[in-house]
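The structure appears below as structure tokens.
Values below: every heavy atom of this structure, side chains too, minus hydrogens, waters and symmetry copies.
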Amino acid sequence: MYEELPLTLALLLLMLQDDYESFVHNSDSRAAQPCCSFLILAVLIATPIRSQIFSALLMIYGIGYLISHRSTLVVTRIDWIVLGLLSLYVVSKVPLFVLSGYNSRYLSPGLHMLAMAPIYLMLRHLVVRLELARFRFSLEWGVIVGSLGAFFLALYQWFTLPRVDGFLFSINFSYLTCAMGFLALALVRGSRRKGWLITAGVAVLAACVMTLSRGGILAIPFLLLLLLGLNMDRLGWKKPLLVLGGLAFLSLAAYTLVPAVEQRVQYTISEISNIASGNVSDAVSTGGRLQLWTAASLAFAERPLIGLTYTEREAQIAELIEQEILTEWVATVSRGHAHSQYFEMAASGGLIGLFALVGFLLVPAVYHLKLLWRDRNNIYALTAFIFTSGFSFYSLTEVAINHELMVTFYSYMQVLLLVLAFEHYTRRVSSCPGQ
């Protein structure tokens with residue numbers, strides 16, 4: 001139902017173009033974007049409300065804004081590059097969309113990413129007339145409210161449900177809580193709300209641990225080391241060591257005092273032992289992923305340029321089971337879902353898919369790092385780099401940028417943080433032309 005909403009609204013707006021354009025032109029566009037930023041982050045994982053609704057409304061508003069301000073809109077070379085990167089995902093799936101008989105499932109994630117294009121262009125036009133502090137205020141409070149809400153939700157589910165999963169699948173809730181936690185912690189530098197951000201970040205990372213999902217939990221030390229390393233110029237070496245010591249102590253305490261954590265660790269050790277002994281089928285979770293990655297690799301080898309359709313992958317898996325290369329368990333996984341963004345893009349996307357993945361995952365990380373290298377106080381570049389690095393890690397063990405909620409959230413945060421980071425850099429260069 002949601003996927004049809006933006007198109008339906010767009011058609012209605014085209015029918016009422018004059019009234020719509022007048023509404024957008026006369027409305028306070030300076031308040032619309034910060035307000036939506038707050039709402040998207042506040043409801044993302046703390047409520048059953050889908051944050052894509054606000055992204056869709058902002059996209060519709062953005063189209064009207066661009067029409068209303070078309071006389072002053074200038075699309076730069078950088079803008080064209082960003083628009084090209086936003087379109088890579090959907091373009092990479094077009095061959096399989098055609099081969100599958102025009103199954104919309106192939107295009108859906110890419111279309112959600114491409115829907116951020118009008119929002120990006122609106123932001124680029126709008127941000128030059130606004131104080132960045134206004135965006136930071138809504139960004140930080142959205143993260144704080146959403147993170148604390150997710151923590152209390154997870155705490156309630158910890159005592160009342162078999163497993164903490166928010167209003168999502170447990171693994172997706174794990175990745176999103178981790179992402180929100182490091183958004184909060186990355187924004188601490190130079191903030192007036194340090195106490196709130198640290199409290200919210202620690203709380204939502206505790207919610208991530210409560211899911212017992214290893215993908216999100218294992219990302220925490222990796223991202224924490226990365227964040228501490230990028231803040232060494234402010235923190236020195238004593239505070240990072242203290243933080244790492246605290247993390248080690250809390251991890252040991254959780255293992256000792258919380259039976260569910262101890263069982264999860266023992267389960268992981270058991271799986272590693274089974275894999276090391278060659279009993280891959282007995283390691284249901286980790287061993288299952290290894291088999292899915294094997295199937296995805298063979299799908300890529302079958303048609304390297306564009307990969308295989310889901311139907312073709314299921315047929316190939318059936319043959320591999322007959323040849324005893326894979327176990328029967330793999331056939332129970334719908335569409336041969338690879339449980340890795342990298343393997344999934346290779347299996348159903350091929351070289352074109354991997355090129356797209358580089359475009360929407362690696363290229364943003366490199367650009368954010370470049371801006372951060374030029375100015376260590378560019379908080380938006382720092383936050384964006386940590387955010388992107390997180391999704392690069394989550395994508396190792398899950399197709400993290402595929403579910404409509406996650407791909408919309410990822411794409412929206414990328415365009416928002418990119419615009420803010422670039423504007424911060426531009427203003428700094430303008431004020432210090434000799435640097």
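A donor-acceptor pair shorter than 3.5 Å can be found between the side chains of Thr397 and Tyr175. No side-chain donor-acceptor contact under 3.5 Å links Ser340 and Glu398. Checked by atom type, the side-chain pair Tyr394/Ser174 shows no donor-acceptor distance below 3.5 Å. Between the side chains of His112 and Ser411, no donor-acceptor pair of N or O atoms lies under 3.5 Å. In this model, a donor atom of one side chain and an acceptor atom of the other lie less than 3.5 Å apart for Ser191 and Glu140. Side-chain contact annotation: Glu262 with Tyr267, donor-acceptor N/O pair under 3.5 Å absent. Checked by atom type, the side-chain pair His368/Tyr380 shows no donor-acceptor distance below 3.5 Å. A donor-acceptor pair shorter than 3.5 Å can be found between the side chains of Arg214 and Ser285. Of the N and O atoms on the side chains of Tyr310 and Asn103, not one donor lies less than 3.5 Å from an acceptor on the other residue.
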Assess whether side chain to side chain contact (heavy atoms under 4.5 Å, CB included) is satisfied between Leu132 and His424, documenting all intermediate values.
CA-CA 8 Å; Leu132 293 183; His424 175 96; 3.9 Å; yes
Determine, step by step, whether Glu344 and Arg313 satisfy the salt bridge (Lys or Arg N to Asp or Glu O under 4.0 Å) criterion, reporting the C-alpha distance in whole Å, the side-chain angles of both residues, the deciding distance to 0.1 Å, and the verdict.
CA-CA 11 Å; Glu344 185 67 24; Arg313 285 171 64 183; 2.8 Å; yes
Between Leu228 and Lys239, is the side chain to side chain contact (heavy atoms under 4.5 Å, CB included) condition met? List the steps.
CA-CA 9 Å; Leu228 291 172; Lys239 288 181 181 178; over 6 Å; no
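Considering all non-hydrogen atoms of both residues, Thr177 and Ile45 come closest at CG2-CD1, 3.7 Å. The minimum heavy-atom distance linking Ser92 with Gly353 is given by the pair CB-CA, 4.0 Å. Closest approach of Asn402 and Pro109 over heavy atoms only: OD1-CG, 3.3 Å.
Atom CZ of Phe169 sits in a sparse spot, with 12 or fewer heavy atoms from other residues, nucleotides or ligands closer than 6.0 Å. For Phe222, the CZ atom is densely surrounded, since the number of other residues' heavy atoms within 6.0 Å is greater than 12.
Between Phe343 and Val399 the shortest side-chain heavy-atom distance does not fall below 4.5 Å. Using a 4.5 Å heavy-atom threshold, the side chains of Leu123 and Leu418 count as separate. Contact annotation: the side chain of Leu290 approaches that of Ile275 to within less than 4.5 Å [non-hydrogen atoms, C-beta and beyond]. Here the side chains of Tyr342 and Trp293 are not in contact, with every heavy-atom distance at 4.5 Å or above.
By the 30° and 60° cut-offs, the orientation of the rings of Phe391 relative to Phe387 is tilted. Using bins of under 30°, 30° to 60° and over 60° for the plane-to-plane angle, the ring pair His125/Tyr65 lands in the perpendicular bin.
With Asn172 contributing its side chain and Leu168 its backbone, the two residues share no donor-acceptor pair below 3.5 Å. Using modelled atom types, one side-chain atom of Arg264 and one backbone atom of Leu212 make a donor-acceptor pair closer than 3.5 Å.
Here the straight-line distance linking atom CG of Leu111 with atom OG1 of Thr408 works out to 10.5 Å at 0.5 Å rounding. For the atom pair OG of Ser270 and CD of Gln263, the computed distance is 13.0 Å after rounding to the nearest 0.5 Å.
Residue Arg189 forms a side-chain hydrogen bond (donor to acceptor under 3.5 Å, both in side chains) with just one option from Asn378, Thr383, Asp233, and that option is Asp233.
Between Arg428 and Glu423, no side-chain nitrogen of the basic residue sits less than 4.0 Å from a carboxylate oxygen of the acidic one, so the salt-bridge criterion is not met.
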